[in-house]
Amino acid sequence: LHGYPEKLLEYVLPPEQVLFVRKVPAEAVYDLPLEPTAREQILTQVELFFEEIWKQVTSSDEFQKVVGWTSGRLFQEYHFVSRILKGNLFSPIKEDVQKVQAKFRSCPGVSENKLNSLRYCVMPSRPALLGAVEEWSSVEWIRWTTEEYAPYRTWQVHNGHYDEELEKTVARFSEWFIGEYASIHKDPNLSLIHCLRILSSSGSEDELSIILLVDCLPLEFVGLLDDALRNVGFSRHGLHYRFAALPTITGYNKPVLLSGDWQNDAGNYEAILKARAKADWNNKQAVYLNNLKVMSEMAAPQEATIILLNFLDGDELLHSEVESKNTSYEEELHRLFARMAESVTRLSKEWTGPKEHFSVYVVTDHGACRILEEEKRSFDSTVVNKLFPDEKHRFAAVD
């Protein structure tokens, strides 16, 4: 009530109490528990206020003014403020989100993840569209995808926004990729199948290498894993984008990635890994781990070893409905990646060899992005549903 306009305050308090409320410093009552009836009255006033003004907030200036009026201590305030931000009444900018994050950083019930997810309210720059007679190289397609398309696509998914013109450029990528498929996958710097060749050139006899093979890692979540490893003390020495083989499914890409061979027939993943170590990695000891629990319990080897963690938990999470549990994919992946990073750093501390001979490689078998409703209703999707045994894969075997 301390910051209420004079006229409104007269409706809420008897006249003799108005002066008293004006004299009490607002911060003096911050740590006092609220009496239940008073809390109920406060929330009623907050709700009435927002119901009255929220449709009138049509600019960033007006929105930031509203955020300034809040205490930043009530979850209900956050609920109303975020509803305005997501209400398509104006085009939010980065500063709008930063104001909310700063104000509600310590608000009970508002997690850091909730605050971080507000960034999806801000529309990124629309990606460049490929001209009718224009052609892009692999370098240009990679830059466009990672810097322009992926951030915009993430925003599209969170806001249910379909961009028909942009999809024409996406279709041009498909045409280009199929046309250049053979030359791309012959290139050791472009093809996913060659991504583990770097272990062949690391000739050190006393090296411990950990490969984190993260099943189906969408580009928008790579930063979470990068942060998790940095938080436990690792530094990133390289980042490379590569093209997955077609069909872009685990059953096809993971065996060729592990073996480095298109015609691989070594059987299960463990057998493929051991065969690769024998053929390409100086016959080093190879340890295959099929889940994070096994990794967290293993002791660090004291000889030159390649450890591969086949990490499926993230993919399983992305196929679940996390919203029903009042959480988000970011929050749950953050937890999983933090646990993974802790296991990796424990192994690095237990490793008795030289620290510069301890390396971590993060790879994925293919990326992914969520489908928009309009895409499910497209002509292509209808055809796919009727022709192919698994409509999610967009591929079928032909006799």
Side-chain angles (χ1 to χ4, degrees), residues 192-217 221-242 250 253-260 268-316 333-366:
L192 185 69
I193 190 178
H194 301 302
C195 71
L196 294 180
R197 279 178 61 168
I198 190 170
L199 278 94
S200 308
S201 59
S202 59
S204 172
E205 290 304 315
D206 57 348
E207 186 167 62
L208 177 57
S209 303
I210 297 180
I211 305 167
L212 304 176
L213 177 49
V214 184
D215 198 283
C216 179
L217 180 62
F221 300 127
V222 172
L224 291 173
L225 182 46
D226 191 52
D227 289 344
L229 290 167
R230 287 177 189 276
N231 288 343
V232 294
F234 289 100
S235 301
R236 192 175 73 200
H237 291 266
L239 173 65
H240 305 280
Y241 296 106
R242 294 173 179 270
T250 295
N253 267 291
K254 206 174 276 187
V256 298
L257 182 159
L258 282 176
S259 65
N268 62 34
Y269 295 143
E270 185 170 12
I272 294 172
L273 179 70
K274 290 185 183 300
R276 181 75 181 274
K278 187 175 182 180
D280 295 343
W281 299 332
N282 300 327
N283 203 22
K284 285 181 184 172
Q285 175 177 260
V287 178
Y288 174 80
L289 309 173
N290 63 1
N291 63 63
L292 190 52
K293 185 174 184 294
V294 178
M295 186 178 193
S296 65
E297 292 172 352
M298 78 173 290
Q302 300 307 318
E303 59 184 292
T305 305
I306 293 172
I307 298 171
L308 180 122
L309 171 65
N310 187 13
F311 186 73
L312 304 173
D313 299 26
D315 184 47
E316 290 168 4
L333 284 172
H334 173 75
R335 285 201 194 102
L336 285 174
F337 292 158
R339 282 176 50 210
M340 186 198 292
E342 284 166 12
S343 291
V344 172
T345 193
R346 178 187 61 79
L347 290 170
S348 76
K349 288 171 182 170
E350 291 179 5
W351 162 248
T352 55
K355 291 303 175 192
E356 62 272 20
H357 291 170
F358 182 92
S359 305
V360 182
Y361 301 89
V362 179
V363 294
T364 185
D365 50 350
H366 61 90

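Just so it is clear, the model here is predicted, and its values are computed rather than measured.
For the atom pair OG1 of T364 and CG of L192, the computed distance is 8.0 Å after rounding to the nearest 0.5 Å. Distance check: L289 CG to L213 CG gives 11.5 Å after rounding to the nearest 0.5 Å. For the atom pair CG (D206) and CD (E303), the distance works out to 11.5 Å, reported to the nearest 0.5 Å. One distance of note links CG of L273 with CD1 of I211; it measures 6.5 Å at 0.5 Å rounding. Distance CH2/W281 to NZ/K274: 11.5 Å, rounded to 0.5 Å.
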For residues 306-315, which side-chain donor-acceptor pairs fall under 3.5 Å, sequence neighbours excluded?
| residue | atom | partner | partner atom | Å |
| --- | --- | --- | --- | --- |
| N310 | OD1 | K254 | NZ | 2.7 |
| N310 | ND2 | Y288 | OH | 3.0 |
| D315 | OD1 | H319 | ND1 | 3.4 |

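Among all heavy-atom pairs drawn from A228 and A338, the shortest one is CB-N, 4.1 Å. The heavy-atom pair separating F358 from V344 by the smallest distance is CZ-O, 3.8 Å. Taking all atoms of both residues into account, the shortest heavy-atom contact from R276 to L257 is NH1-O, 3.5 Å. The two residues I198 and C195 come nearest to each other via the heavy atoms CG2-O, 4.0 Å.
When the side chain to side chain donor-acceptor pair (under 3.5 Å) test is applied to E297, the partners found at least two apart in sequence or on another chain are K293. Applying the side-chain contact (heavy atoms from CB on, under 4.5 Å) criterion to D226, with sequence neighbours excluded, gives R230, R236. Not counting sequence neighbours, the partners of Q285 by the side chain to side chain donor-acceptor pair (under 3.5 Å) test are T305. Looking at residues two or more places apart in sequence or on another chain, you find a side-chain contact (heavy atoms from CB on, under 4.5 Å) between T345 and V232, F234, S348, K349. For the side chain to side chain donor-acceptor pair (under 3.5 Å) test, residues two or more places apart in sequence or in another chain that qualify with E350 are R346. Applying the side-chain contact (heavy atoms from CB on, under 4.5 Å) test to H194 and every residue at least two apart in sequence or in another chain returns P188, S191, R197, R242. For R339, there are no salt bridge (charged side-chain N to carboxylate O under 4.0 Å, His left out) partners at least two apart in sequence or on another chain. Every residue two or more places apart in sequence or in another chain that forms a side-chain contact (heavy atoms from CB on, under 4.5 Å) with Q302 is listed here: A300, T352.
Taking a 6.0 Å sphere around NE2 of H334, one finds it holds 12 or fewer heavy atoms contributed by other residues, nucleotides or ligands.
At least one side-chain heavy atom of V360 sits under 4.5 Å from a side-chain heavy atom of L212. At a threshold of 4.5 Å between non-hydrogen side-chain atoms, the residues F337 and L229 do not count as touching. By the 4.5 Å heavy-atom criterion applied to side chains, P301 and V287 are not counted as neighbours. At least one side-chain heavy atom of I210 sits under 4.5 Å from a side-chain heavy atom of M295.
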Derivation of the side chain to side chain contact (heavy atoms under 4.5 Å, CB included) call for L336 and E316: CA-CA 12 Å; L336 285 174; E316 290 168 4; over 6 Å; no

Residue pair L208, H357: steps toward the side chain to side chain contact (heavy atoms under 4.5 Å, CB included) verdict: CA-CA 6 Å; L208 177 57; H357 291 170; over 6 Å; no

CA sep, side-chain torsions, deciding dist, call: M298, L347, side chain to side chain contact (heavy atoms under 4.5 Å, CB included): CA-CA 8 Å; M298 78 173 290; L347 290 170; 4.1 Å; yes

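Listed by first and then second residue, the salt bridge (charged side-chain N to carboxylate O under 4.0 Å, His left out) pairs that reach into residues 354-365 come to none, sequence neighbours excluded.
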